[in-house]
Protein chains: 2
Amino acid sequence: MKMKRSGGGGAFSRTTLHGQEHVIAERKRREKLSQRFIALSSIIPGLTKLDKASVLGDTIKYLKQLEERVKILEEEVATRTVESAIFAKKPSLQRGDSVVSFSSYDPLIDQQLPEVEARVSGKNVLIKVQCEKCEGCIKEVMKQMEEMNLTTLNISVLAFGSSLLDVTIVAQIENENCLTIEEIVEKLRHALIIFIGSSSRRSAC
Amino acid sequence: MKMKRSGGGGAFSRTTLHGQEHVIAERKRREKLSQRFIALSSIIPGLTKLDKASVLGDTIKYLKQLEERVKILEEEVATRTVESAIFAKKPSLQRGDSVVSFSSYDPLIDQQLPEVEARVSGKNVLIKVQCEKCEGCIKEVMKQMEEMNLTTLNISVLAFGSSLLDVTIVAQIENENCLTIEEIVEKLRHALIIFIGSSSRRSAC
DNA sequence: CCAGACACGTGATGC
DNA sequence: TGCATCACGTGTCTG
């Protein structure tokens, strides 16, 4: 780190026959260590002090920071990979690399409402629901969202026609969530069918 | 790294008055450095030798390796994000009971955005648009609505992902309007394509 | 002057 | 016996 100086406690005492070689070896060792320190400090960004201690400390900090970043990025990539897997499974629904959508509409089953559709982009999921205007159905949807570990970022409820409700939700997929997009759609749809069924039997809705 | 030993060249020579304090301070400095080394070696994986030199060397290697990984992952994420913005497609259409719906999605035409969907129930029309987040596109949509004699009852604009917009509109069909649902969809989609095209050519959008 | 940081030579230790 | 590594005390320099 600095210039070599004349040397400190160097008397000529040779307690061993090869005292000089020992000195040389130690010099070499120190030189190696010093070079490593220089090399290390050259790749650590944002170094203010060039202390050995500070270099080590900042190295530790930078390392942890890098590992954290890698972890986050890996999670992100993993999420996208899951989407790709879904996409590969259901090529008939959607083409495109990483945006996947899935709808509960099934031409064989002629039950049209509630209709649920979901689409994923990164950590966001766009959920669209169309159902009969029915008191409490929004609450039911939100309950399901909570159970699925989906954090609602925005929700819009529009009345459409005299008896229809159009619900659009943008939510964030939490890390603990390992549901597929199909599972999200099916869970929501099933919950709504149950809810509306029992609700319409009880009251005029 | 090892046990403390009795000490090396320690004669009792005090050239300064505070020679002892100097010794103490140096001890402290060494102790700090030593702890940093221990801390560092505890977070570097796959350490075989516990040499100071080896610890530093492996730290440098691990650091470069981590940075490389971060770089690769960042590229990956960036790529996927762009793909997300570009590829977004709609599953097949839906038909409802007395509800008629029509979507602009055409599997033969490989242009996915903007995606426009409309659905009619009585005198109400539900319009859904997904397009790139682009300043002025909402205004463009509203302009088209006015031209088509559609009275907006409610509109919701949600950001979805990093660069997508999801727009849901409930509008009332005025009596003078004699457009078919297909015409509504096509007019909106055409206008958006023109608008976004010219907009992205003019600026960064 | 002094508080902190270094490099040096040296004795000790483990393989 | 060597050989490599370590911790120590010390002299010296810097801000």
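Order of the sequence lines fixes the chain letters, A, B, ..., with proteins taken first and strands second; residue numbering starts at 1 for each chain. Below, each value reflects all heavy atoms present in this structure, side chains not excepted, and no hydrogens, waters or symmetry copies. The shown structure was predicted, so the numbers you read here are calculated from the model rather than taken from an experiment.
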D:dG11 base to B:His22 side chain: any donor-acceptor pair below 3.5 Å? yes

By salt bridge (Lys or Arg N to Asp or Glu O under 4.0 Å), which residues pair with B:Glu67, not counting sequence neighbours? none

I'd like to check A:Leu66 versus B:Val70 (side-chain heavy atoms, cut-off strictly below 4.5 Å). Are they in contact? yes

In whole angstroms, how far is the P atom of C:dG4 from the CD atom of B:Glu21? 11 Å

Side-chain N or O of A:Arg27 closer than 4.0 Å to phosphate OP1/OP2 of C:dG9: yes

So does A:Glu26 reach the base of D:dC6 with its side chain, donor to acceptor, closer than 3.5 Å? yes

Measure NZ/A:Lys28 against P/C:dT10 and give the value in whole Å, please. 19 Å

Check the phosphate of C:dC6 against A:Ser34, side-chain N and O only, distance under 4.0 Å to OP1 or OP2. Yes or no? no

Between B:Thr59 and B:Val55 (side chain of the first, backbone of the second, donor and acceptor by atom type, cut-off under 3.5 Å), is there such a pair? yes

Over how many whole Å does the gap from A:Leu56 atom CG to C:dC6 atom C1' extend? 14 Å

When the distance from CZ of A:Phe37 to C1' of C:dC6 is rounded to whole Å, what number comes out? 11 Å

Rounded to whole angstroms, how far apart are NZ on B:Lys49 and P on C:dC15? 12 Å

Rounded interatomic separation in angstrom, taking NZ from A:Lys52 and C1' from D:dC6: 14 Å

Given atom CG of B:Leu33 and atom C1' of D:dG9, what is their separation to the nearest angstrom? 16 Å

Euclidean distance, atom CD of residue A:Glu31 to atom P of D:dT5 [Å, nearest integer]: 14 Å

Residues forming a side chain to side chain contact (heavy atoms under 4.5 Å, CB included) with B:Glu147, sequence neighbours excluded: B:Lys143, B:Gln144, B:Lys187

Where each residue is assigned the nucleotide of DNA chain C containing its nearest heavy atom, which of B:Ala25 and B:Arg30 is assigned the position nearer the 5′ end? B:Ala25

B:Val23 or A:Arg29: which one's nearest nucleotide on DNA chain D is closer to the 5' end? A:Arg29

How long is the straight-line distance from CD of B:Glu186 back to CG of B:Leu188, given to the nearest 0.5 Å? 10.0 Å

